[in-house]
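One structure below.
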Amino acid sequence: MEPANLFTVLRRYWRLLAGCTVAALIVGFVLTPAGDAVDNGKWQCKVAITPVAGAADTVRADQVLSYAQGSAVTTAAAQKLHITDVAGLSARRTVAAASTQMLVFTTTGPTQQSCADLAAALSEATITGYSQESKKSADESIKRLRAQADTQQQQLDDLQKQFSRANTTDQAKLQPQLSTATAALTKTLGAIADLQNYSQTDAIQQWGSIDAKELGGNLLTSPTRSVRLALAVVLGLALGVVAALMLSRMDTRLRTRDGAEEAFNLPVIGEIPLLSRRLRRLREPLVTARPEDPATEAYRSLRSTLLLTGPRALSAQLGQGGLDPDDRRARRAAEPAPVVLVMSGRSGDGRTTTVANLAATLAETGRQVLVLDCDFRQPGLRGHLGVGDGPGMAELLSGEQLPDPVDLIRRTNVPGVALITGGNTTAYPAALVLRAGEVLKLARRHADVVLIDSSPLLHANDAYDLVQHADAVLVTVMAGNLRPEEADRVSELLARTGVPVAGVALLGAEGTTGRRKRTLRPGRPPAKGSPAKAAPAAKSTPSVPEPQRRAEPAPRVEPQRRPGEHQRPADPRPAAPGYGEAPDRRDGATSWGRRPAELPPEEPVETTLQLRLGEDR
């Protein structure tokens, strides 16, 4: 993973990082002693104990080890060192048998002197204590042997008396018994002498000097609470980073331009950065509220790309702000306004916000924009454009007789933008869009551009019914809100309609990742890779005035149209396939241009709209 992508992932999961850090800090605070502890493992000392010379036969190593591991030795050493924490002292020492004739004490301490003192105290306590125990045991053995010797002496005396009174024959028989008694008594007296010598000297002794070495401390054994808490923070951050990377691997939602292009098989023509919470709470389009904001420039870039690569009816309207009402009315009669449908796969993809800001950016170019709120389930455009409650598209589509849309067009807080709100929906929303074709046919005559906000395509069928009446489709997706399989479904549904798809607007983009060569999936309409190929005439349109740019269309035979569908005049330019358009759709017409047949101008309607948009006659 590239460093930039890693930082993006960490910024996305910053709450997880903060949670892991705080949890580690709390655990470290609870488990760390209140005061600064002492590092008892900084120094290590070893001392060996062996039997004294000549006592190897009488000293048993298992007995000495058992005694050294007992609490009596630790208690005696603690008393000598004036230490009251006997349990802590026991934790600082270990004893083991290095061989059958050697025991080794291992002690630890914060300093060399304390470590050596503890080793010496344990050694002395073991030698003294075991010697006392040995002397006590020897005295008991001597006492028992003396009693035995007294008994043997009495028996020997009796045998000697019998031997002195017996004749020669009996003396020969008593002589072996007398010899045996004498030998037993001699042996007992010898054992008593040995035990007396053993009890007068130490049974074990220290072997050599104390071996001390410095082990050194580390972060894991740091005695200070501050260092341990700092270590806990580092460990918590590391755990959070690992958890964030694992969640990022498991999260397949679309977040980047490359991922969106691959999933939709369409180009991303606009990347809107993630807005702050304060900007998201604005009750007006960001374009008018914050004209210098980077997100506003991103919306303007989206507008420019849509104009330069969109339908000819849209791209040919550059520089129309200076037209007088008569010229504007004549142009609308010859070329009714194009319809751009803004749609998304799921709710929360920023569709309504994009419609409001795109309308504001189009109005900046001098166009009069009419916005139709066809999201009958969750209408929200009136809140973005500052329009109150009132009748709208629901009443317009549900009436038995189709009224004139101009009666429902309302001014907004954005100059050059008018709105027909969603209205008060009483009928089932899917039934309302059945008359959308007739309404759009009339709405084209009241503005330069018509923008439609619709319901999410994957949640309702409204948008799919409106697609057939649009000249272009713009798909919006919020970063992290849509999965690849859902994007694939949206792309598949749009490909079936044959309506040109301008591309995808990615909102909440986390940063550009660089262009890469996209591989088109088989069985899908080819998506344009470069805006320059979309419309050859779009390159020169910004600098060519409208009267010079308009040419008489070459006569051609129009294919049979469905009832109620607008007819398009001939296009002198070579047909260029639109984004996401299959070459066999719409009776072979692959151009962006879908222009209605010429309609007679209606002076009262045009005048009414101009008054509502604040224009001067």
Side-chain angles (χ1 to χ4, degrees), residues 285 306 311 313-314 332 336-344 351-363 367-399 402-414 416-425 427 429-457 460-474 476 499 564 566 594 596 605 608-609 612-613:
L306 186 63
L314 182 63
R332 290 176 182 173
V339 176
V340 179
L341 174 64
V342 181
M343 62 184 304
S344 64
R351 179 190 63 258
T352 302
T353 303
T354 302
V355 171
N357 285 277
L358 186 59
T361 57
L362 287 171
R367 294 172 173 80
Q368 291 183 354
V369 183
L370 177 59
V371 181
L372 306 181
D373 191 353
C374 293
D375 186 358
F376 302 111
R377 290 169 172 80
Q378 292 181 341
L381 270 174
R382 62 183 181 87
H384 287 77
L385 297 177
V387 177
D389 295 333
M393 291 297 298
E395 289 77 10
L396 190 63
L397 295 175
S398 61
L402 185 65
D404 197 319
V406 73
D407 298 330
L408 301 177
I409 295 176
R410 307 174 67 179
R411 293 183 58 182
T412 67
N413 56 8
V414 181
V417 177
L419 171 67
I420 300 181
T421 63
N424 302 315
T425 304
L432 297 177
V433 297
L434 298 179
R435 303 181 63 188
E438 303 175 43
V439 174
L440 290 176
K441 181 179 179 181
L442 297 176
R444 291 174 183 266
R445 297 155 44 191
H446 297 294
D448 298 325
V449 180
V450 178
L451 294 180
I452 303 178
D453 183 18
S454 62
S455 302
L457 181 61
N461 195 52
D462 306 357
Y464 200 66
D465 291 336
L466 291 171
V467 166
Q468 57 182 325
H469 306 295
D471 297 296
V473 175
L474 176 65
T476 64
V499 176
H566 297 297
R594 294 182 60 209
V605 173
T608 304
L609 178 62
R612 298 193 178 208
L613 295 179

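What you see is a predicted model; the values in this text were computed from it and never measured.
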(Q) Please evaluate residues D448 and L370 with respect to the criterion side chain to side chain contact (heavy atoms under 4.5 Å, CB included), reporting the C-alpha separation (whole Å), side-chain torsions for both, the decisive distance (0.1 Å), and the verdict. (A) CA-CA 8 Å; D448 298 325; L370 177 59; over 6 Å; no
Hits for side-chain hydrogen bond (donor to acceptor under 3.5 Å, both in side chains) against S344, two or more places apart or cross-chain, chain-then-number order -> R351
| request: Check step by step if side chain to side chain contact (heavy atoms under 4.5 Å, CB included) holds for V340 and D471. | output: CA-CA 6 Å; V340 179; D471 297 296; over 6 Å; no
side-chain contact (heavy atoms from CB on, under 4.5 Å) filter on A360, not counting sequence neighbours, yields P285, V287, T288, V414
One should read off an interatomic distance between L419 CG and I409 CD1, to the nearest 0.5 angstrom, of 9.5 Å
Nearest heavy-atom approach of C374 to L466 is CB-CD1, 3.8 Å
Sorted by chain and number, sequence neighbours left out, salt bridge (charged side-chain N to carboxylate O under 4.0 Å, His left out) with D373 holds for none
Heavy-atom nearest pair, P391 first then T421, reads O-OG1, 3.5 Å
Given side chains that start at C-beta, do those of V439 and M393 come closer than 4.5 Å, heavy atoms only?
yes
Output for pair (T361 OG1, R367 CZ), nearest 0.5 Å, gives 9.5 Å
In terms of heavy-atom contacts, R444 and P336 come closest through CB-CB, 3.7 Å
Note to self: With a 4.5 Å cut-off on side-chain heavy atoms, are V339 and I452 touching?
What the structure shows: yes
The side-chain contact (heavy atoms from CB on, under 4.5 Å) partner of V355 among V369, V342, L341 is V342
Worksheet entry | T412 side chain to G386 backbone, donor-acceptor under 3.5 Å | no
All heavy atoms of R410 vs all of G388, minimum pair found to be NH1-O, 2.9 Å
Practice item. Starting from the C-alpha separation in whole Å, work towards a yes-or-no answer on side chain to side chain contact (heavy atoms under 4.5 Å, CB included) for H384 and T353. Key: CA-CA 7 Å; H384 287 77; T353 303; 3.6 Å; yes
Heavy-atom nearest pair, P379 first then R377, reads CD-C, 3.6 Å
Minimal heavy-atom distance between M343 and V467, with the atoms involved, is SD-CG2, 4.2 Å
* Side chains of L362 and L451: closer than 4.5 Å at any heavy-atom pair? -> yes
Practice item. Report the C-alpha distance between L440 and L372 in whole Å, list the side-chain angles of each, state the deciding distance to 0.1 Å, and finish with yes or no for side chain to side chain contact (heavy atoms under 4.5 Å, CB included). Key: CA-CA 9 Å; L440 290 176; L372 306 181; 3.3 Å; yes
So salt bridge (Lys or Arg N to Asp or Glu O under 4.0 Å) across residues 382-394, not counting sequence neighbours, yields R382-D389
Output for pair (T352 OG1, D453 CG), nearest 0.5 Å, gives 3.5 Å
Residue set satisfying side-chain hydrogen bond (donor to acceptor under 3.5 Å, both in side chains) with S455, at least two apart, ordered chain then number -> D375, D462
